[in-house]
Enquirer: 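Attaching a single structure in structure tokens format; questions to follow.
Throughout, residue positions are numbered sequentially from 1 according to the sequence presented. For the numbers below, each heavy atom of this structure counts, side chains included, while hydrogens, waters and symmetry mates do not.
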Amino acid sequence: MMFVSIGIGTVLALALIVIVSILTGGAVKNGAATSELVGTKVPGFSLSGLNGGTQHAPWTSGHAGVLIFFASYCGPCHKEMPEVATYLRHHDQKPVVVMGIDAVDARSSGQAFVKKSTVTFPVAFDPNGVVTTNIFKFENVPETVFVSNKGIVEQVYFGAIPVSQLKSGLAALH
């Protein structure tokens with residue numbers, strides 16, 4: 001009787017895995033995976049800055065850009081952002097523009113998170129996911145996108161980006 005219960009449990013577990021895989025597109029995204037965005041031209045955008053002003057897509061002014069999508073409620077972002085911020089504070093990235101995008105978050109929470117993470121690069125505020133979900137089609141954060149000065153997506157990194165991967169992605173844009 002016990003073996004029958006174990007067998008039924010195993011079959012149910014496998015069925016659940018298959019259903020979840022189908023509903024999520026059949027692939028788990030993590031790391032420097034191939035994205036349907038790579039090679040596509042993305043439109044320019046303007047968002048309000050998290051701390052005021054307006055932030056524009058870097059390629060609209062002829063600069064390559066790295067967009068780091070994050071949110072204060074994102075667990076992996078709490079490890080990623082301080083490491084990225086420290087690296088970027090100590091390494092000049094010009095002419096590439098690095099921009100954070102606080103996605104689907106409360107402004108006060110995003111501001112506190114950026115302050116705590118010691119972020120000094122510009123951060124755009126995307127409270128309704130206009131850029132995050134409508135242009136880049138991201139359902140989750142963190143994600144990092146490397147875009148040429150012509151607005152062509154060169155690379156997408158899914159999940160919290162290690163500094164080594166950020167460094168190599170930046171070098172490829174120079």
Enquirer: Please identify each residue that fulfils side chain to side chain contact (heavy atoms under 4.5 Å, CB included) with Ser168, with sequence neighbours left out.
Expert: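 Side chain to side chain contact (heavy atoms under 4.5 Å, CB included) list for Ser168, sorted by chain: Gln165.
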Enquirer: Could you please spell out the steps behind the side chain to side chain contact (heavy atoms under 4.5 Å, CB included) verdict for Val42 and Val147?
Expert: CA-CA 9 Å; Val42 288; Val147 184; 4.2 Å; yes
Enquirer: Should Ile152 and Val96 be regarded as members of a common hydrophobic cluster, given that ILVMFWY residues are connected when their side-chain heavy atoms come within less than 4.5 Å of each other, either directly or indirectly?
Expert: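 Looking at the clustering, Val96 is in a separate group from Ile152.
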Enquirer: Determine the minimum heavy-atom distance between Gly159 and Glu143, stating which atoms define it.
Expert: N-OE1, 3.0 Å
Enquirer: Rounded to the nearest 0.5 Å, how far does CD1 of Ile101 lie from CG of Leu67?
Expert: 4.5 Å
Enquirer: Please list, chain by chain and in numerical order, all residues satisfying side chain to side chain contact (heavy atoms under 4.5 Å, CB included) with Gln93, sequence neighbours excluded.
Expert: Tyr87, Leu88, His91, Val98, Leu170, His174
Enquirer: Is it possible for you to say whether Phe121 and Phe125 belong to one hydrophobic cluster, with membership spreading through side-chain heavy-atom contacts below 4.5 Å?
Expert: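 Same cluster.
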Enquirer: Within a strict 4.5 Å, meaning less than it, do heavy atoms of the Val145 and Val153 side chains meet?
Expert: yes
Enquirer: Any chance you could measure Phe146, atom CZ, to Leu37, atom CG, to the nearest 0.5 Å?
Expert: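 It is 13.5 Å, given to the nearest 0.5 Å.
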Enquirer: So which atom in Pro142 and which in Ala160 form the shortest heavy-atom distance, rounded to 0.1 Å?
Expert: CG-N, 3.3 Å
Enquirer: Output all residues satisfying salt bridge (Lys or Arg N to Asp or Glu O under 4.0 Å) with Lys167, sequence neighbours left out; order by chain, then residue number.
Expert: none
Enquirer: Sequence neighbours excluded, which residues qualify as side-chain hydrogen bond (donor to acceptor under 3.5 Å, both in side chains) partners of Arg89?
Expert: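 With neighbours one apart ignored, the set is Thr86, Thr118.
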Enquirer: For Asp126 and Val130, work out which heavy atoms get closest and say how close.
Expert: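 For Asp126 and Val130, the tightest heavy-atom pair comes out as OD1-N, 2.8 Å.
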Enquirer: As an exercise, state the distance from NZ of Lys137 to OG of Ser35, rounded to the nearest 0.5 Å.
Expert: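 Rounded to the nearest 0.5 Å, the NZ-OG separation comes out at 12.0 Å.
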Enquirer: Decide side chain to side chain contact (heavy atoms under 4.5 Å, CB included) for Val131 and Leu47; before the verdict, give the C-alpha distance in whole Å, the side-chain angles of both, and the deciding distance to 0.1 Å.
Expert: CA-CA 8 Å; Val131 171; Leu47 290 169; 3.7 Å; yes
Enquirer: Taking C-beta and beyond as the side chain, do Val66 and Val97 meet within less than 4.5 Å on heavy atoms?
Expert: no
Enquirer: Going from OG1 on Thr144 to CD1 on Ile68, what distance comes out if it is rounded to the nearest 0.5 angstrom?
Expert: 5.0 Å
Enquirer: Give me the atom names and distance for the closest heavy-atom approach of Gly65 to Leu173.
Expert: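 Shortest heavy-atom separation between Gly65 and Leu173 comes out as O-CD1, 3.7 Å.
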Enquirer: Which pairs count as salt bridge (Lys or Arg N to Asp or Glu O under 4.0 Å) when at least one residue sits in residues 100-125, sequence neighbours excluded?
Expert: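 Residue pairs passing salt bridge (Lys or Arg N to Asp or Glu O under 4.0 Å), neighbours aside: none found.
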Enquirer: Can you name the nearest heavy-atom pair linking Ala57 to Gly44, along with the distance?
Expert: CB-CA, 3.9 Å
Enquirer: Ser46: what forms a side chain to side chain contact (heavy atoms under 4.5 Å, CB included) with it, not counting sequence neighbours?
Expert: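 Side chain to side chain contact (heavy atoms under 4.5 Å, CB included) list for Ser46, sorted by chain: Thr54, His56.
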Enquirer: Are the side chains of Pro162 and Tyr157 in touch, meaning some heavy atoms are under 4.5 Å apart?
Expert: yes
Enquirer: Can you sort out the partners of Ser148 under side-chain hydrogen bond (donor to acceptor under 3.5 Å, both in side chains), two or more places apart, ordered by chain and number?
Expert: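 Not a single residue meets the side-chain hydrogen bond (donor to acceptor under 3.5 Å, both in side chains) criterion with Ser148.
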Enquirer: Rounded to the nearest 0.5 Å, what separates atom SG in Cys74 from atom CD in Glu80?
Expert: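 It comes to 7.0 Å.
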Enquirer: Is the backbone N or O of Val104 less than 3.5 Å from a side-chain atom of Tyr73, with the two atoms forming a donor-acceptor pair by type?
Expert: yes
Enquirer: Taking the side chain as C-beta and beyond, is there a heavy-atom pair between Phe69 and Thr132 under 4.5 Å?
Expert: yes
Enquirer: Show, in sequence, the C-alpha distance, side-chain angles and deciding distance for Leu50 and Val114, and conclude whether the side chain to side chain contact (heavy atoms under 4.5 Å, CB included) test is met.
Expert: CA-CA 9 Å; Leu50 186 63; Val114 163; 3.5 Å; yes
Enquirer: Taking only residues two or more places apart in sequence or in another chain, which ones pass side-chain hydrogen bond (donor to acceptor under 3.5 Å, both in side chains) with Asn128?
Expert: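 With neighbours one apart ignored, the set is empty.
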Enquirer: List the residues meeting ring-ring contact (aromatic ring centres under 6.0 Å, His included) with Phe45, not counting sequence neighbours, and say none if there are none.
Expert: Trp59
Enquirer: Which pair of heavy atoms, one from Met99 and one from Pro58, lies closest together, and at what distance?
Expert: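 Closest approach of Met99 to Pro58, heavy atoms only: CE-CD, 4.1 Å.
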Enquirer: Begin with the C-alpha distance, continue with both residues' side-chain angles, and end with the deciding distance and a verdict on side chain to side chain contact (heavy atoms under 4.5 Å, CB included) for Ile161 and Val84.
Expert: CA-CA 8 Å; Ile161 191 165; Val84 166; 4.1 Å; yes
Enquirer: With sequence neighbours excluded, tell me which residues meet side-chain hydrogen bond (donor to acceptor under 3.5 Å, both in side chains) with Gln55.
Expert: none
Enquirer: With sequence neighbours left out, write down each residue that passes side chain to side chain contact (heavy atoms under 4.5 Å, CB included) with Ser117, or none if nothing qualifies.
Expert: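 Partners of Ser117 under the side chain to side chain contact (heavy atoms under 4.5 Å, CB included) test: Met81, Pro82, Phe113, Val119.
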Enquirer: Test of understanding: with salt bridge (Lys or Arg N to Asp or Glu O under 4.0 Å), list the residues that count as partners of Glu139, not counting sequence neighbours.
Expert: none
